[in-house]
Amino acid sequence: MPNIKPISDLRKYSEVLNDVAVGSPVFLAENGRSKYVILDICEYEKTKAALKLLCELEKGFRSGEEKGWLSLEAVEKYLGIDEE
């Protein structure tokens, strides 16, 4: 269950920060609507890395669609991998 707190709870910010853990962010609501999220730094870094990976995969997919896909043999040859 998400940990949702009113933004006014930041007056007691140390209590709010104590509730933040890996896999358990704290969502801050303003006027009954989600406004901010507080993440553990490890979770933030993982999310940032995952987004970067997804962007690179998308670039590769677009390149394959536009320029054509390589066969396994062509990739092995490019990488210098000899299958014997």
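Every value quoted in this text rests on a predicted model; they were computed, and no experiment measured them.
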With side-chain contact (heavy atoms from CB on, under 4.5 Å) as the test, pick out the partner of Ser63 among Lys67, Lys59, Glu65, Glu66.
Lys67
Interatomic spacing from CD1 in Ile38 to OG in Ser24 - rounded to 0.5 Å:
11.5 Å
About how many Å separate CG of Leu39 and CZ of Phe27, when rounded to the nearest 0.5 Å?
7.5 Å
I would like to know whether Ile41 and Glu45 meet side chain to side chain contact (heavy atoms under 4.5 Å, CB included); could you show each step before the answer?
CA-CA 6 Å; Ile41 192 68; Glu45 293 294 334; 4.3 Å; yes
For residues Leu28 and Leu17: do they belong to one hydrophobic cluster (side chain heavy atoms under 4.5 Å, members Ile, Leu, Val, Met, Phe, Trp, Tyr)?
yes
Heavy-atom closest pair, residues Tyr36 and Ile7:
CE1-CD1, 3.4 Å
Using a strict threshold of under 4.0 Å (side-chain N to carboxylate O), is an ion pair present between Glu58 and Arg62?
yes
Hey, quick one: are Leu70 and Tyr78 part of the same hydrophobic cluster, counting side-chain heavy atoms closer than 4.5 Å, chains of contacts allowed?
yes
Output yes when a side-chain donor or acceptor of Asp9 lies under 3.5 Å from a complementary backbone atom of Lys5, and no otherwise.
no
Candidate pair Val26 and Val37, rule side chain to side chain contact (heavy atoms under 4.5 Å, CB included), full reasoning
CA-CA 6 Å; Val26 171; Val37 64; over 6 Å; no
Look at the side chain of Glu43 and the backbone N and O of Val22, then say whether any donor-acceptor pair between them is shorter than 3.5 Å.
no
For Asp40 and Val20 the tightest heavy-atom approach is N-CG1, 3.5 Å
